[in-house]
Amino acid sequence: MYTAQVADHIANPRNIGDIENPSGVGDVVNEVCLDRIRLMVRVERGTLVDAKVRVSGCPPTIAAASVLTELIVGRRISELESLRAEDIESALGRLPAAKRHCAQLAMDALRVAIQNSADED
């Protein structure tokens, strides 16, 4: 049912934890299924240098949050503006149609974290 990439991120989620004094936090909940992603980021000189997540929800939400952290660390904030939920799905191989909203939830967390980070500048 899941691709090898999804299964790997479910079994071995990346960047789980907290950042002390993050530059920005995106804490989002899917009101339908109650999945939650709390993404903490550290931004230095326009580059996202660290990202950690706390995730609760279905396995594809865990996978989407995990792969998101791999996609964003080391990239300029300006580059992240073009990142889409489809990029998360692509990095995971694919998500079942009924679970595509998990990638969008991860993107929502990123957008909120970046917005919060910009607000602090």
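- Scored by the side chain to side chain contact (heavy atoms under 4.5 Å, CB included) test, E81 finds no partners at all (sequence neighbours excluded).
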Quick one, R45 with T47, criterion side-chain contact (heavy atoms from CB on, under 4.5 Å). Give me CA distance, side-chain angles, the key distance, then yes/no. CA-CA 6 Å; R45 293 183 287 275; T47 299; 5.8 Å; no
Are H9 and V67 close enough, and set up right, to give a side-chain contact (heavy atoms from CB on, under 4.5 Å), and what steps lead you there? CA-CA 7 Å; H9 279 276; V67 81; 3.7 Å; yes
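- L48 is not connected to I19 by any chain of hydrophobic side-chain contacts under 4.5 Å among Ile, Leu, Val, Met, Phe, Trp and Tyr, and they are in different clusters.
- With respect to the salt-bridge test (charged N to carboxylate O, under 4.0 angstrom), the residues K52 and D18 do not qualify.
- Under the side chain to side chain donor-acceptor pair (under 3.5 Å) test applied with E89, the options R100, K99, R94 reduce to a single match, R100.
- Partners of D108 according to the side-chain hydrogen bond (donor to acceptor under 3.5 Å, both in side chains) rule, which considers only residues two or more places apart in sequence or in another chain, are Q104.
- Side-chain N or O atoms of D35 include one that pairs as donor or acceptor with a backbone N or O of C58 at under 3.5 Å.
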Worked check of side-chain contact (heavy atoms from CB on, under 4.5 Å) between H101 and N30: CA-CA 9 Å; H101 66 277; N30 179 316; 3.2 Å; yes
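- By the criterion of side-chain heavy atoms lying less than 4.5 angstrom apart, applied directly or through intervening Ile, Leu, Val, Met, Phe, Trp or Tyr residues, I16 is grouped together with V6 in one hydrophobic cluster.
- Side-chain contact between L83 and R75: present, with at least one pair of heavy atoms (C-beta onward) separated by less than 4.5 Å.
- Using a 4.5 Å cut-off on side-chain heavy atoms (C-beta onward), P22 and R42 make no contact.
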